[in-house]
Amino acid sequence: MALEHHLDATLRHKQQVDNSRDYVLPFIQQEFPKLEGLRVMEVGCGEGGVLIPFLEKGCNCVGVDLAPDRIELAKNFLQQYLDGGQLKLIAKNIYDLDFLGEFQHSFDVIILKDAIEHIPDQEKIIGHLKQLLTPRGQVYFGFPPWYMPHGGHQQICANKFLSMVPYIHLLPRPLYKGVLRLFGEGDDVVVDLMDVKSTGISIERFERIVKRQHYKITQRRFYLINPIYKYKFGVSARVQWKPIAAIPFFRNFVTTCMYYMIKPE
C-alpha cells in the first residue's frame, strides 16, 4: 500500500518541511545554537523540504541529489531562495572532482536524512564527507535501523497486507523476493526493496563505521516512534526508553529511527 506522500510530491515536500522544523533543526541546533550564516548541505535533498527551516533561519544552503527530476521539483518549491542567492540546487554526484573542487571544506553542517540506508559503500561516503566539512563542521544522519519492523521500507508495497507485515524484509533474499512476487509486486518495487536489503544499516554497523573513519559522536537519539510517523500513521514521536536503547543489537528491532551528529576527531 503506497502511502499518499509516496505519490504526491507537494504533500511529501510539506511533510519534509514540518519534520525538519520540529525535529531535525532543533537536534542540529544543540551543536550549532546560532544558525544565521551557517553553511549547510543536504545530500539526497529530494524536493528540498528539509532545507527550508534552515533557509528561514538565515543559513546558506546547497541541496544535491542524483535525480535531476527531483532537483527540478525542488527548484519549483524553493525558487525564492534561489533568486535571493541563499540556495544552490545541484544534480550531481558528490564524488565528482569538480564538486569537491568547488565545495572542499565548505560546510558547517552536512545533512543525510533518510539517505544513508540507500547508499552503497557507506564507509566510503562517511569518510568522503570529511573533505567537505569546515574545521568546526559536523554531519547529521537520520535513518531507520535495518532490523526494525519496517526497516526494509516494505510500506511502499502495492499490496496492503504485505506493506503492513513487520520484519518480512529479514527473510533470506531468495525467499523475500519470492514473497514479493507471490503478492504481485511489480518489478520497480521489487528492485527498490532488494536494493534496500543490500544497503540497510544497523545501529552497531553505523557506529563501527563512524569509529573506523575517526569521527566522534556528539549527539545521539533513539526513537521508539519515528517523528515522520506523525504523517504516515498519525502517531506522535516518542523517544526510546533508555534501558532499551542501552541493549546492543536488540535495540535495533524496537527502535524505528536514529538521529546522530558526528564530527571528525
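The figures here come from the full heavy-atom set of this structure, side chains too, leaving out hydrogens, waters and symmetry mates.
Atoms CD and CG, on Gln86 and Leu78 in that order, are 10.0 Å from each other to the nearest 0.5 Å. To the nearest 0.5 Å, atoms CH2 (Trp241) and OG1 (Thr255) are separated by 12.5 Å. Considering CG of Asn76 and NE2 of His13, their distance stands at 10.0 Å, rounded to 0.5 Å. The NZ atom of Lys88 sits 10.5 Å away from atom CG of Asn60, with the distance rounded to the nearest 0.5 Å. Rounding to the nearest 0.5 Å places CG of Leu89 at 9.0 Å from CD of Glu72. The distance from atom CD1 of Ile111 to atom CG of Leu25, rounded to the nearest 0.5 Å, is 8.0 Å.
Taking the side chain as every heavy atom from C-beta outward, Lys113 and Tyr23 never approach each other to under 4.5 Å. Inter-residue side-chain proximity for Tyr81 and Leu51 is flagged as unmet; no heavy-atom pair is nearer than 4.5 Å. Counting heavy atoms from C-beta on, the side chains of Leu133 and Pro264 come closer than 4.5 Å. Residues Phe233 and Ile225 fail the side-chain proximity criterion, which asks for heavy atoms closer than 4.5 Å. Taking 4.5 Å as the limit, every side-chain heavy atom of Ile28 sits out of range of all side-chain heavy atoms of Val40. Between Ile119 and Leu112 there is a side-chain heavy-atom pair separated by less than 4.5 Å. Using a 4.5 Å heavy-atom threshold, the side chains of Asp108 and Arg136 count as touching. Gln138 places none of its side-chain heavy atoms less than 4.5 Å from the side chain of Tyr215.
For the residue pair Arg251 and Arg220, the shortest heavy atom distance occurs at NH1-NH1, 4.2 Å. Across Gly63 and Ile71, no two heavy atoms sit closer than the pair O-CD1, 4.1 Å. The two residues Pro145 and Cys257 make their nearest non-hydrogen contact at CD-N, 3.8 Å. The shortest heavy-atom contact between Val254 and Leu224 is O-CD1, 3.4 Å. The two residues His153 and Pro144 come nearest to each other via the heavy atoms CE1-CG, 3.7 Å. Val196 and Gly151 make their closest contact through CG1-O, 4.0 Å (heavy atoms, listed as atom of the first residue, atom of the second, distance).
Panel note: side chain Tyr260, backbone Phe206; no donor-acceptor pair is recorded below 3.5 Å. Side chain of Asp96 to main chain of Asp98: no donor-acceptor pair is present (N/O by atom type, distance under 3.5 Å, no hydrogens or angles). A donor-acceptor pair is defined here as one N or O able to donate and one able to accept, closer than 3.5 Å; no such pair exists between the side chain of Ser20 and the backbone of Val17. Without hydrogens or angle criteria, Gln240 side chain to Met258 main chain gives no donor-acceptor distance under 3.5 Å. When atom types are taken as modelled, the side chain of His169 and the backbone of Trp146 share a donor-acceptor pair closer than 3.5 angstrom. The main-chain N or O of Leu132 is never found under 3.5 Å from a side-chain atom of His105 such that the two would form a donor-acceptor pair. Checked by atom type and distance alone, the side chain of Asn19 never pairs as donor or acceptor with a backbone atom of Val50 at under 3.5 Å. Checking side-chain atoms of Asn252 against main-chain N and O of Phe249 turns up a donor-acceptor pair under 3.5 Å. Of the possible polar contacts, one joining the Gln122 side chain to the Thr199 backbone as a donor-acceptor pair under 3.5 Å is found. Checked by atom type and distance alone, the side chain of Gln154 pairs as donor or acceptor with a backbone atom of Val165 at under 3.5 Å.
Looking at Glu102 and Lys92, no side-chain N of the basic residue comes within less than 4.0 Å of a carboxylate O on the acidic one, giving no salt bridge. Ionic pairing of Asp192 and Lys197 is not present here: no N-O contact between side-chain nitrogen and carboxylate oxygen is shorter than 4.0 angstrom.
Hydrophobic clustering (ILVMFWY, side-chain heavy atoms < 4.5 Å, transitive): Leu66 and Val62 are in distinct clusters. Hydrophobic clustering (ILVMFWY, side-chain heavy atoms < 4.5 Å, transitive): Leu180 and Phe183 are in one cluster. Grouping the Ile, Leu, Val, Met, Phe, Trp and Tyr side chains by contacts below 4.5 angstrom, directly or via other members, places Phe141 with Ile203. Cluster membership for Val210 and Leu129, using ILVMFWY side-chain heavy atoms within less than 4.5 angstrom, is shared. Linking Ile, Leu, Val, Met, Phe, Trp and Tyr whenever their side-chain heavy atoms come within less than 4.5 Å puts Ile94 and Ile209 in one cluster.
Atom CZ of Phe222 sits in a crowded spot, with more than 12 heavy atoms from other residues, nucleotides or ligands closer than 6.0 Å. Annotation: Arg181, atom CZ; neighbour count of heavy atoms from other residues, nucleotides and ligands within 6.0 Å is above 12. With a 6.0 Å radius and a threshold of 12 heavy atoms from other residues, nucleotides or ligands, Leu175 has its CG atom above the threshold. Annotation for Glu265: atom CD counts as buried by contact number, over 12 foreign heavy atoms lying within 6.0 Å. In the displayed structure, Lys130 atom NZ is contacted under 6.0 Å by more than 12 heavy atoms of other residues, nucleotides or ligands.
Between Phe27 and Tyr259, the ring planes are perpendicular. Angles over 60° get that label, and only those under 30° would be called parallel.
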> side-chain contact (heavy atoms from CB on, under 4.5 Å) between Leu170 and Phe253: does it pass, once the steps are laid out?
Replying inline: CA-CA 11 Å; Leu170 302 181; Phe253 291 88; 4.0 Å; yes

> Are Ile126 and Val139 close enough, and set up right, to give a side-chain contact (heavy atoms from CB on, under 4.5 Å), and what steps lead you there?
Replying inline: CA-CA 9 Å; Ile126 290 173; Val139 187; over 6 Å; no

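There is no side-chain donor-acceptor pair under 3.5 Å between Tyr140 and Glu31.
Under the 6.0 Å distance and 45° angle rule, Arg39 counts as a cation-pi partner of Phe107. A cation-pi geometry, defined here as NZ or CZ lying under 6.0 Å from the six-membered ring centre and within 45° of its normal, holds between Lys124 and Tyr95. Lys14 forms no cation-pi arrangement with Phe77, by the criterion of a distance under 6.0 Å to the ring centre and an angle within 45° of the ring axis.
Between Tyr229 and Tyr223, a ring centre-to-centre spacing not shorter than 6.0 Å is recorded. In this structure, Phe103 has its ring center closer than 6.0 angstrom to the ring center of Phe99.
Shown are Gln16, Lys75, Gln15; of these, the side chain to side chain donor-acceptor pair (under 3.5 Å) with Glu47 is made only by Gln16. Partner Glu123 forms a side chain to side chain donor-acceptor pair (under 3.5 Å) with one of Arg205, His128, Gln213, Arg208 and no other, that one being Gln213.
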